[in-house]
Amino acid sequence: MVKRLLFLCLCYAFGLTNAILHAQSDTGFDKYHSNREIQQILNNFPSATTKLHRVAESPGGKPITILEIGANLTDVPAIFVGANFEGNVPLASEGALYLAKMLLDSTKYTNKLKWYVMPQPNPDAAEAYFSALKTGSCLNSFNVNNDADELSGEDGPDDLNGDGMITQMRVKSLEGDYQVSKYDVRLLEKANSKKGERGIYKVYTEGFDNDKDGKYNEDGPGGINVGIAFPHLFPYEDKNAGLFAGQTPEVYGIMRFIYDRPEISMVYTLGTSNFCLVPPKGGRKGDANLDKIKIPSRYARRLNADATKTYTMKEAIALFEAIVPAGTEVTPSMVAGYLNLGAVVNPLDEDLVFYKKYAEDYKNYLKTNNFSTETLEPEAAKDGSFELWAYYHLGLPSFSMRLFAIPTAPADDDTETDEKTAKKAKQEAKDELNKKDKALLAYIDKELDGKGFVPWTKVEHPDFENVEVGGYVPYLETTPKPVAIDSLLKTQLPWLLRLSQQLPTFKFENEKITAMGGGIYKIELFVANNGALAHPIAMGQRNSQPAPLVLTLDGEIDFLEGKKRTPVGAIGANQVKKYTWLIKSNKSKKLSVTLESATFTDVVKQIKIGG
Amino acid sequence: MVQKIYTLLLLLGIALSSFAGNNPKIEVPLRFDHYYDYEDVVKALEVLHEAYPELTKLESIGESEEGLKIYALTINNKKTGHEHDKPGVWLDGNIHGNEIQAGEVCLYYANMLLTKYGENKKITEAVDRNVHYIIPVINVDGRSHFFKDGHTPSSSRSLRVPKDDDGDGLFDEDAPDDLDGDGSICQMRIKDENGQYKADPEDPRIMVRVKPGEKGEYTLLGSEGIDNDGDGRFNEDAEGYLDPNRNWGYHWMPPYVQRGAGNFPLSGLGIKAVDEFAAKHPNIIINFSFHNTGGMWLRVPADKSTQIPAADIAAYDVVGKEALKITPGYVYMPSHELYPTYGDSDGQMFFVHGSYSFVGELFMRSQETYKEKSDKPGTAKSTENDRSERSREQLKFNDNVVQGELYKEWKSYNHPVYGEIEIGGWVKMSSRLPHPFMLPDLVHRNASVVLLAANETPEVEIDVFDTIELGNKLQRVRVRLKNKNGLSTMTAQAVKDKLYTIDHLKVTGAKVIAGGKINNYRLNQVSYKEHKPEIQFFALQGHATAEYEFIVECKGTLKLEYVSQKAGTTSKTIQL
């Protein structure tokens with residue numbers, strides 16, 4: 001009897017433990033969370049060390065919330081994490097929540113570092129994923145009249161085949177541009193008249209001409225795409241960005257929040273680009289040529305320069321050094337700014353060094369974790385995007401991560417020699433569309449059971465006789481099946497934790513005090529940056545945006561050479577800089593030296609003179 | 001005894017009047033022989049509104065960084081229509097805190113419109129046909145501090161947003177100091193045999209560079225001040241620096257590209273409030289933003305790589321070229337010819353709000369002359385000698401035309417670091433500001449330019465010039481629309497950018513079978529619109545005519561409406 005009871009108890013205990021274990025491993029990351037669910041999760045984080053900030057309200061009336069982890073900390077650097085700016089990458093929002101949870105599950109990355117996590121900057125657009133009709137829209141509810149007719153938002157897409165998704169429609173037309181693809185009957189390709197091909201289809205987004213103006217779906221509901229509405233390379237020609245950066249309240253509120261917090265030292269973006277894996281791209285036209293500097297005539301006189309000549313940066317610096325007060329550090333940034341040399345539009349070479357290094361390290365990390373990088377190239381960061389703005393305007397290390405990418409089709413294998421690879425790359429560039437379609441279709445057939453492509457099916461349409469609806473489903477390239485979420489996040493996100501340990505850390509490495517006699521002392525201090533990143537990085541040096549590091553020497557002394565406050569200027573990774581003072585003090589005393597920073601933790605040291 | 005009482009009363013009177021200070025009572029009609037500080041501007045707006053409650057609305061549209069209210073006065077005659085059905089005229093001033101006479105220009109214009117309403121035909125028309133939005137002071141903190149604290153004619157320009165200009169980790173810690181407490185930041189000089197400067201032989205107030213080998217007399221020490229933060233530099237980190245006219249959204253560039261731009265577009269609280277106010281009134285078709293100095297009317301584009309359509313340049317020219325005759329000596333040009341800028345108000349108003357925007361740089365110092373009238377044209381002052389000549393002339397103007405009020409004579413001062421120095425130079429209320437005796441002329445002429453522009457805001461007429469029966473119960477109706485004035489109903493840039501609903505002609509009341517633009521009515525050449533012929537989208541440039549044809553079913557009353565966001569709605573009804 002007792003044995004039986006005991007047995008039952010054991011079973012119960014076992015079952016209970018199992019249940020507990022199951023609950024512990026049930027992270028809740030097995031689905032995509034809606035706006036409301038995300039707000040709930042944020043609200044449920046423990047409040048001893050966290051704080052929620054509401055920085056804006058979207059045009060649709062939804063809050064933009066930032067979770068502060070480490071609200072109890074002061075005088076520590078911070079990392080800002082933003083996710084899903086375009087609203088159609090729900091996996092990125094999940095990533096932000098998962099990262100927040102990882103941070104709160106231990107103190108390793110939060111005892112000396114603050115985090116600001118923003119999972120949902122574009123809630124109006126993000127809602128589209130959870131609505132009955134999936135459109136893949138990036139647009140918020142800001143009122144934009146895209147076609148400048150008498151109504152706004154009157155002609156959006158329509159679900160002609162009632163499948164709950166907006167795909168494409170192809171219309172049989174003598175004036176068609178497209179024909180069925182030779183590669184796969186599901187696809188359409190542009191007919192090449194030079195090869196004697198004649199198109200038979202016109203392709204539109206699925207929908208009616210709601211306002212009967214002859215154009216289809218040209219003015220849908222909304223809106224502005226928060227993901228392209230930031231000030232760097234703001235796309236003025238794209239109505240979806242708004243008329244100027246920050247016209248939409250989400251962007252304005254986010255920028256104000258970030259600039260109010262000079263402790264932010266690094267920025268992570270979860271979305272469609274992947275700076276962790278592929279360094280930010282260059283190749284844009286419009287960068288100032290810093291080795292052929294022309295000095296505008298209105299400055300030439302003051303600088304004793306010839307307005308008709310061009311100067312190298314070194315020569316220009318020399319001109320400036322001749323006229324600035326003694327001891328002022330003249331940097332390329334100062335020269336470029338004073339002479340209005342223009343904006344930087346390509347990543348600076350010195351910064352690409354660390355981007356490339358970390359990309360290599362990340363590839364190895366993923367390999368070690370059996371995570372395949374045989375996928376389609378991540379998208380380049382868009383003009384007006386957050387991750388580009390963070391680098392070019394904040395002057396901070398900006399890392400982005402794309403949590404899911406379509407695997408390349410198995411037929412394309414990569415074990416080629418250099419020559420062959422180059423040739424293949426050329427060929428592939430020509431068949432660009434082909435490679436992407438190949439990968440998509442292979443993925444759809446293998447992983448989604450064909451459900452990622454809606455087969456072309458005839459529908460009735462008031463304006464056309466022969467219309468079929470079909471095409472790739474929305475969210476296909478960025479949104480894997482929910483069952484895949486946890487593993488993707490668990491493997492990749494810890495890399496961001498590792499990167500957070502690369503921040504500069506400062507220390508007084510050594511000091512030397514020499515008594516010169518007569519109460520005069522020579523003080524030499526060595527300041528070291530023991531971190532893996534410079535401060536500021538090259539872009540930060542160029543735009544002078546990051547808060548300066550300043551050495552202060554406090555005490556009742558007279559300064560013969562050197563000053564009470566000395567800006568440290570730029571200090572490279574693993575670099576040591578020496579600072580010297582000549583002071584006079586009648587009695588022995590203790591002096592306080594501080595490395596002050598609005599970003600990094602202040603470092604204080606006591607030094608003793610005399611005695 | 002009576003004599004004693006009289007003397008006492010006299011003394012009391014003198015005492016009272018000096019206690020009342022230099023500023024006269026603020027009442028309608030306003031006076032323009034003095035400058036208004038921030039509180040005076042607010043009072044002036046209040047008395048105008050109190051005197052003309054039916055024609056005006058006074059509201060605070062936002063607050064500055066230091067909590068001062070930014071006021072807008074709207075002048076509209078409700079009896080002639082709702083404000084948004086009329087072409088809007090916008091004036092603002094003093095976005096740069098030191099450019100104060102812009103406030104007086106705006107107050108003068110409001111005063112002129114209101115006090116002469118019903119008496120002066122042109123002014124009455126402008127009040128009845130247009131709506132006016134007037135913001136005399138945008139940079140309220142700047143203006144307030146300009147009056148209260150010691151400044152040069154150029155300082156207190158910025159918004160009060162702390163910035164670490166010298167990269168030392170401290171914010172706004174070393175501004176110039178008004179050492180002698182006279183309300184101006186002047187220049188400091190010290191007697192120095194090895195100095196690079198000497199007194200001008202004709203006017204010892206002027207400092208002239210010594211020639212090589214020549215004996216020196218003075219070293220110039222810079223602007224009045226001390227090294228507040230002990231870093232060896234003087235006055236290197238004053239308020240801001242955030243130039244409010246580089247903080248607008250359109251073509252904004254970060255501070256390392258455009259000095260003073262602020263951290264992000266519209267980061268200045270007042271600038272954001274003003275932009276939101278403009279957005280609330282999409283009927284505005286012309287803007288004037290007043291600044292100082294130099295005598296210029298500036299339009300877009302602000303940088304060389306931006307272009308605007310020829311039709312818009314033509315519209316700008318309608319006002320710009322006439323303005324030069326009202327303010328002789330001014331120049332009229334695109335602002336990039338002065339120097340390129342990013343994030344300025346002209347760009348924001350033109351490209352974001354779709355209106356023709358001018359910056360008026362008030363006051364030409366060249367008017368401070370001291371010579372006989374001569375028909376010989378003046379030569380450009382370029383050599384050192386010419387510059388000294390000009391300085392001497394300016395000082396003579398100061399001495400004999402304004403009784404020394406613009407210049408502070410060099411006076412000794414004991415400086416905590418330099419010891420015995422002298423402080424002197426042009427005072428705060430000089431150089432960029434006309435002496436009050438020249439203010440009435442300045443404010444009237446510039447207000448007249450605004451009124452001229454108001455008269456040129458678009459006005460559309462509709463004339464049905466031909467109707468014939470076509471049989472099958474159809475009629476052909478031909479209509480001619482004309483814009484009577486010089487400014488377009490919609491900027492060509494706005495049409496190109498699809499900025500907002502394009503102006504359109506709407507036909508209602510009968511079914512429209514076909515419709516389109518008439519290219520030549522005598523030859524019956526019409527371009528028919530494929531879809532929805534009952535609504536035709538087109539803007540009307542200044543003094544332009546457009547002809548349209550409609551084929552309608554003969555039934556009842558036909559209504560033709562030209563709907564324009566900025567020119568209002570014009571309609572015509574005919575019986576079929």
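Residue numbers begin at 1 in each chain, while the letters A, B, ... track the order of the sequences.
- For A:A547, no part lies under 4.5 angstrom from a heavy atom of chain B.
- When heavy atoms are compared at a cutoff of 4.5 Å, A:V568 does not approach chain B at all.
- Using a 4.5 Å cut-off on side-chain heavy atoms (C-beta onward), B:P265 and A:P231 make contact.
- Of all heavy-atom pairs spanning A:P548 and B:G169, the tightest one is CG-N, 3.7 Å.
- Within the 4.5 angstrom heavy-atom criterion, only side-chain atoms of B:I535, from C-beta onward, approach chain A.
- In plain terms, the two heavy atoms of B:V352 and A:L243 that are nearest each other are O-CD1, 3.7 Å.
- At least one side-chain heavy atom of B:L266 sits under 4.5 Å from a side-chain heavy atom of A:F244.
- In this structure, no portion of A:A598 lies under 4.5 Å from any heavy atom of chain B.
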Distance-only donor-acceptor pairs under 3.5 Å across chain B and chain A:
from, atom 1, to, atom 2, distance (Å)
B:D168, O, A:R565, NE, 3.3
B:D168, O, A:R565, NH2, 2.7
B:H251, N, A:Y236, OH, 2.7
B:Y256, OH, A:V344, N, 2.9
B:V257, O, A:N340, ND2, 3.1
B:N263, O, A:Y259, OH, 3.3
B:L266, O, A:Y252, OH, 2.6
B:S267, O, A:R256, NH2, 2.7
B:K498, O, A:K239, NZ, 2.2
B:T501, OG1, A:N145, ND2, 3.2
B:T501, OG1, A:D149, O, 2.8
B:I502, N, A:A148, O, 2.9
B:K532, NZ, A:D211, O, 2.7

